[in-house]
Protein chains: 2
Amino acid sequence: MSRNVTIKDIAKEAGVSISTVSRTLNNAPLVTPEKRQRVLEVIGRTGYEPNASAQGLVRGKSMTIGVLTQDIASPFYDEITRGIDAGFSGSGYQPIFVNGHWDAQDEVTAVLALTRRQVDGLIVLGGRLPEAQLHALSKRFPLLMVGRFVPELSHCCLRVDHVHGARLATRHLIELGHRRIAHIAGISSHKDAADRLEGYRLALAEAGLEFHPELVYEGEFDEPSGILAVESWLAQGIHFSAIFAANDQMAYGARLALYRRGIRVPEDVSLVGYDDLPASHFSLPPLTTVRQPLFEMGELAAQTLLRRLHTPDSEVPDVAVTLNVRESTCYHRR
Amino acid sequence: MSRNVTIKDIAKEAGVSISTVSRTLNNAPLVTPEKRQRVLEVIGRTGYEPNASAQGLVRGKSMTIGVLTQDIASPFYDEITRGIDAGFSGSGYQPIFVNGHWDAQDEVTAVLALTRRQVDGLIVLGGRLPEAQLHALSKRFPLLMVGRFVPELSHCCLRVDHVHGARLATRHLIELGHRRIAHIAGISSHKDAADRLEGYRLALAEAGLEFHPELVYEGEFDEPSGILAVESWLAQGIHFSAIFAANDQMAYGARLALYRRGIRVPEDVSLVGYDDLPASHFSLPPLTTVRQPLFEMGELAAQTLLRRLHTPDSEVPDVAVTLNVRESTCYHRR
DNA sequence: CTGAAAGCGCTTACAG
DNA sequence: CTGAAAGCGCTTACAG
């Protein structure tokens, strides 16, 4: 663990001043080709790596972007994360991911780890960080939010129309002849979940169908919730010919619960998810679902943030959701 | 975007020197309670956050650990990643994740982004980084490898006995009466894949069963590979009553291909995976698989690295694989 | 117990 | 075109 080689070592070795080394490193114009050459040679030979802390200190920026995710490894956030990573690749900016665990306290701590490291911008994925803090953060550097909408910070939010998405899903089932359509909702305090429930109700109303509260089960966006939803309906003798789940993970759980009861999908019950996780291509059967272009959303967030570093009021593009019809839905057989 | 408050501002405001501020910040002993109090009060009021770059520069360490992953969001690496995150939580060290994309060139670039940032240690997940470079890295700071084994750096590797794991899987199928057991192998240049193939062959040999090369299909560790494997066997009219896939993702693909052909699991064909991804609990049917404790492996890697920061030769614990029998396997009906 | 000073590794005006 | 010098925000001997 020998001392790292510094700019001084390079300067001495190449017989120039550290200024010259710095200049050739940063592609500043005023360096003689010969000196430049010499410096480059020494750098290559010694494997010199500029110290990012030192650069960050003097430049006042860290070339680092913080990303506050809630679950560093859920299939939903993963796709976004991967998009973010792709969006920053080649930009010179390094994303740093921290985990908020859907806990306001943890999120505050996580954000502190980021700001102490002088991140030049921040992307927030979902979460429960108090709006006041988001506000304060947005004053310090470019802030972008994905999977969460805060009205007063609407110019910082990547907007996805979940009311519309849920409507597409429900309408699809209605068009297939389904009348008793159950809904596995998300956590009701989440705006996204509430929007999807609203879209579901809207589609029912548009078709002149009655809304049955007993056909809505509030889950927690995970697989076990889907299992519980189905078991609860079955135990109560509640009938339905289709299920619209507020996310794919709950749809997977519902699928398993139906399988255990010998109920076939889609022959007996049609099933629609939401998100279009990569795994939904390969689920049994491949899942009809509302697609959120998660990867692209991550990429977009990264690109917009990058743009705002220079042009603070760049627009955030809108994101369109679409319905991906696969094999888990079919005509209702009366 | 006003200037950040620095230690100088605090010192001036509290009427002390910056040394005193620094000392109270670092819980150094020699500070009068009154001054300490005063400083703390000003810090709380102003929301001062020490600049991590400056601290890193003078301390010579960044309190940052690099993690080179290959795919920042694959279900396999995710669980490990989440374990790593948990393992560092509360330690004061921040993991920084970068993406190598299973490409030696990208990995070199990614590692450079890390070393330039003066990471105090490195965890490498899989990948193709040249051994020489791994060697060099291991001299600079504690290095830990997960999902890759390099003989000369064995003290840096978290070892998992995949020969044993594959043997468990294959033996299980043999005990269920299966004789023609197909194997969807991983990429043959991967040590892990080769080990699993070897375990498969070993179990066959131990049971006195012949090895049939046509029953082995080389996949790429993803779902489409599983589909292709099954389709290839079926197209060639090759018979089998069980499949052992070298990872869960390929098992999911195989499952879908069998479903499309109307072949039931486990009634017609038994299926065993490898890894025990979280999704395998909820697959249809829940998948029998060899469990790698991925989360714990990540946690272990983080903890060992942390320990080595102070005690360079701390041991890396061994990791045990186990067979998780669920519902995708059953007795062979002749 | 406390402050002035040196120094971490860089960048960037400022003189030449 | 090039170097000496100041300074980024901290920590840590070194004197008091």
Side-chain angles (χ1 to χ4, degrees), chain A residues 1-40 42-43 46-64 92 112 115-120 140, chain B residues 1-40 42-43 46-64 92 112 115-120 140:
Chain A
M1 314 221 181
S2 49
R3 197 177 60 75
N4 284 326
V5 10
T6 74
I7 198 172
K8 272 188 206 155
D9 303 316
I10 304 296
K12 192 185 303 170
E13 185 84 11
V16 298
S17 73
I18 61 167
S19 309
T20 299
V21 176
S22 175
R23 287 191 188 101
T24 102
L25 238 25
N26 295 294
N27 291 313
L30 333 122
V31 184
T32 337
E34 301 90 80
K35 294 209 174 187
R36 190 184 171 66
Q37 213 36 258
R38 211 160 356 125
V39 170
L40 253 23
V42 177
I43 286 175
T46 55
Y48 165 71
E49 298 169 0
N51 182 318
S53 291
Q55 291 182 319
L57 187 55
V58 52
R59 287 180 176 154
K61 44 188 262 181
S62 62
M63 298 305 285
T64 262
L112 183 61
T115 51
R116 281 178 40 106
R117 288 194 162 71
Q118 313 293 117
V119 293
D120 302 321
R140 289 178 68 171
Chain B
M1 314 216 182
S2 50
R3 197 177 60 75
N4 284 327
V5 12
T6 74
I7 198 172
K8 272 189 207 157
D9 302 317
I10 304 296
K12 192 185 303 170
E13 185 83 11
V16 299
S17 73
I18 60 166
S19 310
T20 300
V21 176
S22 175
R23 286 190 190 103
T24 102
L25 238 24
N26 295 294
N27 292 313
L30 332 123
V31 185
T32 337
E34 301 89 81
K35 297 209 173 190
R36 191 184 170 66
Q37 213 37 257
R38 213 162 354 128
V39 170
L40 253 23
V42 177
I43 287 176
T46 55
Y48 165 71
E49 299 168 0
N51 181 318
S53 291
Q55 291 182 319
L57 186 56
V58 52
R59 287 180 176 154
K61 44 188 263 184
S62 64
M63 298 305 285
T64 261
L112 183 61
T115 52
R116 280 178 40 106
R117 288 194 162 71
Q118 313 295 116
V119 293
D120 301 321
R140 288 177 67 170

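All of these numbers come straight from a predicted model, not from anything done at the bench. First the proteins, then the strands, lettered A, B, ... as listed; each starts at 1.
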For the side chain of [X], counting heavy atoms from C-beta on, which of [options] is nearest?
| X | options | value |
| --- | --- | --- |
| Asn26(A) | dG3(D), dC8(D), dT11(C) | dT11(C) |
| Asn51(A) | dT2(D), dC10(C), dG3(C) | dC10(C) |
| Arg23(A) | dC10(C), dA4(D), dT11(C) | dA4(D) |
| Ala54(A) | dT12(D), dG9(C), dG3(D) | dG9(C) |
| Ser19(B) | dG7(C), dA4(C), dG3(D) | dA4(C) |
| Thr6(B) | dG9(C), dC10(D), dG3(C) | dC10(D) |
| Thr20(A) | dT11(C), dC8(C), dT2(D) | dT2(D) |
| Ile18(A) | dA13(D), dT11(C), dG9(D) | dT11(C) |

> Quick one: Lys8(A) NZ to dC8(C) P, roughly how many Å, whole number?
Replying inline: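 Between P of dC8(C) and NZ of Lys8(A): 5 Å.
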> What does Thr32(B) touch in the nucleic acid at a heavy-atom separation under 4.0 angstrom: a base, only the sugar-phosphate, or nothing?
Replying inline: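 Here Thr32(B) touches the backbone only, sparing every base.
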> Counting any heavy atom closer than 4.0 Å, what does Ser22(A) reach on the DNA or RNA strands: base, sugar-phosphate only, or nothing?
Replying inline: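 Touches a base.
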>> With rounding to the closest Å, how many angstrom separate the P atoms on dC10(C) and dC14(C)?
In response: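 To the nearest whole Å, 24 Å.
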